[in-house]
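Have a look at the structure below before the remarks.
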There are 2 protein chains.
Amino acid sequence: MIDIRQMRYFVTLAETLHFGRAAERLHLSQPPLSRQIAALEKDLGVRLIERHSRQATLTHAGSRFLQDARAVIASFDEACRNAKAADRGELGELSIGFMMHAAYTVLPGLARGYIAAYPEIDLKLREVVPHALIGEVLAGRFDAGILFSPGAVRGLEIRPIYQERLCLAVYGSHRLAGRNSAGPEDIKDEPLIATSADSASMIRKAVEDYCRDAGFEPTIRLQAQLQNTIINLVAEGLGIALVPESMRRLALPSVSCISLADAPSVEHVLAWRPTNLNPALKNFLAMSLPARA
Amino acid sequence: MIDIRQMRYFVTLAETLHFGRAAERLHLSQPPLSRQIAALEKDLGVRLIERHSRQATLTHAGSRFLQDARAVIASFDEACRNAKAADRGELGELSIGFMMHAAYTVLPGLARGYIAAYPEIDLKLREVVPHALIGEVLAGRFDAGILFSPGAVRGLEIRPIYQERLCLAVYGSHRLAGRNSAGPEDIKDEPLIATSADSASMIRKAVEDYCRDAGFEPTIRLQAQLQNTIINLVAEGLGIALVPESMRRLALPSVSCISLADAPSVEHVLAWRPTNLNPALKNFLAMSLPARA
DNA sequence: CGATCATGATACCGAAAAGGTATGGATTTA
DNA sequence: TAAATCCATACCTTTTCGGTATCATGATCG
């Protein structure tokens, strides 16, 4: 049966039009080359090269076959290279699910760095509401997720990549609006706006712990799912809120963010299934280490 | 070394994810398949398939390799098919040089028929002034030429494909203008417009022979290279001319073409080098036979 | 929990194929 | 006409391939 080796032989022969020199270039003696070419022609049922006493010439079929064989060999070699590249995690696909907060903190740098280092990886990024993310990663719909630390989850490996402090968002006419910093005592009797426990429970928990450590229960007036909503409601004067510092970016002019003494913090983590064999994931994880600082 | 056979094995294996069934489909027993896959993986330095006790799964590199291998195999098989098709003259290139007259007679039908029968042949048609055509065919710049019969030419095979009669082109106010037919006696003392001997010598020769057979020498007043020019000069009343009947098509309204008794004729021939090995030429020649009538 | 089954790997053997050396035949060159 | 060039062929050795038999490892089932 015809194989790629015969194609390589033929291409070299076609380039030299000389059995002896082609064989030499192939690190082969001349008779095996003659035989392989003859076998190739026999299997194809087509004469590819015309042997004259002085110099050989390609037949029309041979010259067509030369074109095609070059293309086949190139794609063959590329297939082999691609397999290795895919194995090294330099070629393929990597899908990352992330919660919205990550878009304001670690995601941009991480994605930029990864794309620059692995341009051949098709990086798919999709935002997912935080509480759905763990399930999606577990189900294999994402190679990794960026979310607030959910504690230990069976079947997931988790690594902190970013620690973010909360700050106090107040509306312009609020009594704290001009302050540089605030402490837990300042929010003791303030009605707070917070995320519902099921959407971004880590923030909610951090807020509650912060208040409890100071000896009181927070007064949650309003619950919203999205941080944008919370900021908006603060702007409308319906209450104040503890929000991640990165949310400053989407704070409206009428909202000011005040640093908190001993500010509570929430942790961004990477989560992935340790059984995930996507080689691209390894590189992504390796790259996410230096970015930790 | 990796070869295309291992790729085929791998593709089948990847499609079944089962060594036993893949081997069966390949008309092979299972151990050789296992060994070939192992060898493939070893040569690539990449694990392509994960063996579990219940079912095998592709690694990421394997699934990439599957895509690529399919493409390689397809192009490999196509290269082989193409070589055969090229050898049968169904794929490749065929260049035909033709004199202008052919565009009014045999060329359109021939080209249409050939293109319809051999759509994968890149048919290159180029008009060439008649007296240059023989040289170009001899030099190999055309696979064949369509021209007036030049008699025997060393190194060329020649085959008549069309016999065309000459007719008499006269201007509107000429005394013969109303006639249905004419004979040699009618042009005895007429000043004729003819092609120069070096451009379309066959027509010139046919005209001269026609007159000489009737016992007189033609009076050539004007010589032109192109038939269009001749027709134009006739229209301008500078003389009358014997032109191939197909030239009626480009006759101006003021020119009428009159049939000649015992009309002289010129022969269109195909000319090609018998040493030309282009398989497409054989088919073209075969096809030009039925068109002879 | 042990027997059985399914699945792929390994060991070993004979057949096929590949490459090497020596040489022959045809044609060109000196 | 002798020498040289070039590809084909003959023959041998080595390598590779596929086949059979068998083993190791988990999964399945009574």
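Remember, it's a predicted structure, so these values are computed and weren't measured experimentally. Numbers restart at 1 for each chain; the letters A, B, ... are given by sequence-line order, proteins then strands.
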| Between A:V46 and B:C80, is any pair of side-chain heavy atoms under 4.5 Å apart? |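 Answer no - side chains too far apart.
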| query | Any side-chain heavy atom of B:L285 sitting closer than 4.5 Å to one from B:L289? | reply |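 Not touching, per the 4.5 Å side-chain cut-off.
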| query | Listed by chain and number, what are the side-chain hydrogen bond (donor to acceptor under 3.5 Å, both in side chains) partners of A:R88, not counting sequence neighbours? | reply |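 Residues passing side-chain hydrogen bond (donor to acceptor under 3.5 Å, both in side chains) with A:R88: A:E90.
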| query | Does a donor on one side chain and an acceptor on the other come within less than 3.5 Å for A:R159 and A:S288? | reply |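 Per modelled atom types, A:R159 and A:S288 side chains form a pair under 3.5 Å.
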Can you tabulate the close N/O pairs, meaning under 3.5 Å, that link protein atoms to atoms of nucleotides 14-23 of chain C?
residue	atom	partner	partner atom	Å
C:dA18	OP1	A:R5	NH2	3.3
C:dA18	O5'	A:Q36	NE2	3.4
C:dG19	OP1	A:Y9	OH	2.5
C:dG19	OP2	A:Q36	NE2	3.2
C:dG19	N7	A:R35	NH1	3.1
C:dG19	N7	A:R35	NH2	3.4
C:dG20	OP2	A:S29	N	2.8
C:dG20	OP2	A:S29	OG	3.0
C:dG20	O6	A:R35	NH2	2.8

Are the side chain of [X] and the backbone of [Y] linked by a donor-acceptor contact shorter than 3.5 Å?
X: B:D143; Y: B:S95; result: yes
X: B:N283; Y: B:G89; result: yes
X: B:E41; Y: B:L48; result: yes

| DNA chain D: 5'-most and 3'-most nucleotides touching chain B, 4.0 angstrom heavy-atom criterion |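 From 5' to 3', the first and last contacting nucleotides are D:dC17 to D:dT28.
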Pairs under 3.5 angstrom only: tabulate donor-acceptor contacts from the side chains of residues 114-121 of chain A to other protein residues two or more places apart or in another chain.
residue	atom	partner	partner atom	Å
A:Y114	OH	A:A280	O	3.4

| query | How is A:H18 classified with respect to the nucleic acid when contacts are heavy atoms under 4.0 Å: base, sugar-phosphate, or nothing? | reply |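 Result for A:H18 = sugar-phosphate.
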| Quick one: side chain to side chain donor-acceptor pair (under 3.5 Å) pairs with a partner in residues 57-70 of chain A, sequence neighbours left out? |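 Output for this query lists A:E15-A:R70, A:R64-A:D68, A:D68-B:N82.
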| query | For the pair made of CD1 in B:I37 and P in C:dA9, what is the distance, rounded to whole Å? | reply |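 So the CD1-P distance, B:I37 to C:dA9, works out to 9 Å.
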| field | Carboxylate-amine/guanidinium contact A:R8 B:D3, below 4.0 Å | value |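 So A:R8 does not pair with B:D3 through a salt bridge.
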Contact list (N/O, under 3.5 angstrom) for nucleotides 25-30 of chain C vs protein:
residue	atom	partner	partner atom	Å
C:dT27	O3'	A:S53	OG	3.0

